[in-house]
Amino acid sequence: MARAALPETLSGWAVERPGPVASGPLTAVRRPVPEPGPGDLLVRVEACGVCRTDLHLAEGDLPAHRPATIPGHEIVGRVAAAGAAVTRFRTGDRVGGAWLRATCGECRYCRAGAENLCPASRYTGWDADGGFADLTLLAADYAYPLPESQDAATLAPLLCAGIIGYRALRRCALPPGGRLGIYGFGGSAHLAAQVAVAEGARLHVLTRSARARQLARELGAVSTGDAYDRPPEPLDSAILFAPVGELVPVALAALDRSGTLAVAGIHLTDIPPLTYQKHLFYERNLCSVSANTRRDGREFLQTAERIGIRVTTTPYPLGRAPEALGDLAGDRVQGAAVLLPDPDFSPS
């Protein structure tokens, strides 16, 4: 494996002291460039989306799986080097790295096609270093080939925000032409919404952000309102993207009979008590969304290309990653935040 054109070190950001964004949980780091294992790809990062999961890891809502991990799992890049056993990709190929990084392939969940529930699953930017860096390692079997025709910044959010939103849309059991409510309207929601509208849904968006409500209307929502408002018609399905447990009873109360609420986040604040008659009776359903399968990823990326999905991004150079996290925490990001290569970023 040739390494002639590769630097000796990489630059990035690691979560060394989890805590509130204002406390500075990200630390600029310089580390040796890792050697790819037999099934790995060494990838030069072209863009990395900033996901709310990265924020949860930085602030300690998600317990660290390893010390000083580099976050980031919406990775678009070029293969700089490949391990000896890799056959799907070659040097120079454009690839995507997503949240799901590895599974055992042998447990009953993996055998049943539910690899997202594998007890041995591992995740990019949590169990291994991710894309808040200029170089990173990906597992070739869990990487996606990406088109050359699209900008890296618009591809990056598809690799988690898009895939998880797609799985949440399927989990909420939206019937054809159904009435869908979306609570919270950030990076993942604005992508799932476009798939739903393309499939004929009547979309209602409930979010505290006036800018997000405007974007929702531009993307086809028939109504918008504050997160705690009641939509103008009963909902067949709803997705909660905001990590706010108080909205669970709000969304359940908005469902019609036999409706389903899917909670899409990996972290949620505590859910207040539910009233059986008001929130669950008439066969209303409440379910969670856990990671994704590679099939979800393939299906969503094909769907996004077919419908010409519009990706709204707010770009930041890699050196401003702490600012991107802070803006995400403060709901100041329009669409999805994306980190881009930064030649001026040079940790000491």
Next item on the list: Take R310 and E218, measure what salt bridge (Lys or Arg N to Asp or Glu O under 4.0 Å) needs, and give me the verdict at the end.
Entry: CA-CA 11 Å; R310 170 183 164 186; E218 294 172 6; 3.1 Å; yes
Note to self: Does D342 form a side-chain hydrogen bond (donor to acceptor under 3.5 Å, both in side chains) with Y316? I'd like the steps, not just the answer.
What the structure shows: CA-CA 9 Å; D342 184 357; Y316 298 80; over 6 Å; no
Next item on the list: List the steps and the verdict of side-chain hydrogen bond (donor to acceptor under 3.5 Å, both in side chains) for S223 and R202.
Entry: CA-CA 9 Å; S223 81; R202 285 178 56 81; over 6 Å; no
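Linking ILVMFWY side-chain heavy atoms closer than 4.5 Å, directly or via other members, places L247 and L252 in a single hydrophobic cluster. Using a 4.5 Å cut-off between side-chain heavy atoms of Ile, Leu, Val, Met, Phe, Trp and Tyr, with links allowed through other members, L158 and I163 fall into the same hydrophobic cluster. I239 is connected to L203 through a chain of hydrophobic side-chain contacts under 4.5 Å among Ile, Leu, Val, Met, Phe, Trp and Tyr, so both are in one cluster. Linking Ile, Leu, Val, Met, Phe, Trp and Tyr whenever their side-chain heavy atoms come within less than 4.5 Å leaves Y123 and L41 in two separate clusters. Hydrophobic clustering, with ILVMFWY side chains joined whenever heavy atoms are under 4.5 angstrom apart, groups V29 together with L137.
Between W13 and F345, the angle of the ring planes stays under 30°, which puts this pair in the parallel group of the 30/60° scheme. Ring pair W126/W99 is parallel by interplanar angle, where below 30° counts as parallel and above 60° as perpendicular.
A heavy-atom distance below 4.5 Å is not found between the side chains of I182 and L206. Residues L6 and L42 are in side-chain contact: their nearest non-hydrogen atoms beyond the backbone lie under 4.5 Å apart. Looking only at side-chain heavy atoms (C-beta outward), V76 and L159 come within less than 4.5 Å of each other. Side-chain contact between T260 and C287: present, with at least one pair of heavy atoms (C-beta onward) separated by less than 4.5 Å. Counting heavy atoms from C-beta on, the side chains of V289 and V263 never come closer than 4.5 Å. Contact of the L180 side chain with the V197 side chain is not registered, since no non-hydrogen atoms from C-beta on lie closer than 4.5 Å. By the 4.5 Å heavy-atom criterion applied to side chains, P34 and L10 are counted as neighbours. Here the side chains of H267 and R52 are not in contact, with every heavy-atom distance at 4.5 Å or above.
A salt bridge is absent between D256 and R284: the closest approach of a Lys/Arg side-chain nitrogen to an acidic carboxylate oxygen does not fall below 4.0 angstrom. Of the charged side-chain nitrogens involved, at least one lies within less than 4.0 Å of a carboxylate oxygen, so that E46 and R94 count as a salt-bridged pair. The pair E115-R295 does not meet the salt-bridge criterion, since no charged nitrogen lies less than 4.0 angstrom from a carboxylate oxygen. Salt bridge D127/R66: absent, no basic N to carboxylate O contact under 4.0 Å. Salt bridge D296/R167: present, at least one basic N to carboxylate O contact under 4.0 Å.
Closest non-hydrogen pair, P157 versus V338, comes out as CG-CG2, 3.9 Å. Between A58 and L325 the shortest heavy-atom distance is CB-CD1, 3.8 Å. Scanning both residues, I271 and P249, for their nearest heavy atoms gives CG2-CD, 4.4 Å. Nearest heavy atom pair, residue A329 against residue V21, reads CB-CG2, 4.2 Å. Residues E74 and C51 approach most closely at OE2-CB, 3.9 Å, considering heavy atoms. The nearest pair of heavy atoms linking G83 to P36 is N-CB, 4.1 Å.
For the pair T91 (side chain) and A81 (backbone), a donor-acceptor distance under 3.5 Å is absent. Between the E16 side chain and the L26 main chain, no donor and acceptor come within less than 3.5 Å of each other. No donor-acceptor distance shorter than 3.5 angstrom exists from the side chain of E283 to the backbone of R257, with no hydrogens or angles considered. Proximity of a side-chain donor or acceptor of H190 to a complementary backbone N or O of G187 within less than 3.5 Å is detected. Checking side-chain atoms of R230 against main-chain N and O of V250 turns up no donor-acceptor pair under 3.5 Å. Looking only at distances, a side-chain donor or acceptor of R179 sits under 3.5 Å from a matching main-chain atom of P234. Without hydrogens or angle criteria, E8 side chain to P32 main chain gives no donor-acceptor distance under 3.5 Å. A donor-acceptor contact shorter than 3.5 Å is absent between the side chain of T207 and the backbone of G184. Between the side chain of D93 and the backbone N or O of R90 there is at least one donor-acceptor pair closer than 3.5 Å. The closest donor-acceptor contact from the side chain of D134 to the backbone of S11 lies under 3.5 Å.
Residue Q334 holds its CD atom at 6.5 Å from OG1 of T314, rounded to the nearest 0.5 Å. In this structure, the separation between CG on L219 and CD on Q194 is 4.5 Å, given to the nearest 0.5 Å. To the nearest 0.5 Å, atom CG of residue D129 and atom CZ of residue R31 are 5.0 Å apart. Atom CD1 of I70 is separated from atom CG of L135 by 10.0 Å, given to the nearest 0.5 angstrom. To the nearest 0.5 Å, atoms CG (L100) and OG1 (T293) are separated by 8.0 Å. The CG atom of L255 sits 9.5 Å away from atom SG of C172, with the distance rounded to the nearest 0.5 Å.
R217 and Q214 share a donor-acceptor pair across their side chains, judged by distance under 3.5 Å alone. Judged purely by distance below 3.5 Å, without hydrogens or angles, the side chains of N292 and Y166 never pair a donor atom with an acceptor atom.
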Taking distance alone, no hydrogens or angles, what donor-acceptor pairs closer than 3.5 Å link side-chain atoms of residues 141-148 to residues at least two apart or in another chain?
{"residue": "Y142", "atom": "OH", "partner": "T103", "partner atom": "N", "Å": "3.0"}
{"residue": "Y142", "atom": "OH", "partner": "T103", "partner atom": "OG1", "Å": "2.7"}
{"residue": "Y142", "atom": "OH", "partner": "R294", "partner atom": "NH2", "Å": "3.4"}
{"residue": "E148", "atom": "OE1", "partner": "R78", "partner atom": "NH1", "Å": "3.1"}
{"residue": "E148", "atom": "OE1", "partner": "R78", "partner atom": "NH2", "Å": "2.8"}
{"residue": "E148", "atom": "OE2", "partner": "R78", "partner atom": "NH1", "Å": "2.7"}

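At most 12 non-hydrogen atoms from other residues, nucleotides or ligands lie less than 6.0 angstrom from CZ of R208.
The only option from P315, C48, P317 that meets the side chain to side chain contact (heavy atoms under 4.5 Å, CB included) definition with L340 turns out to be P315.
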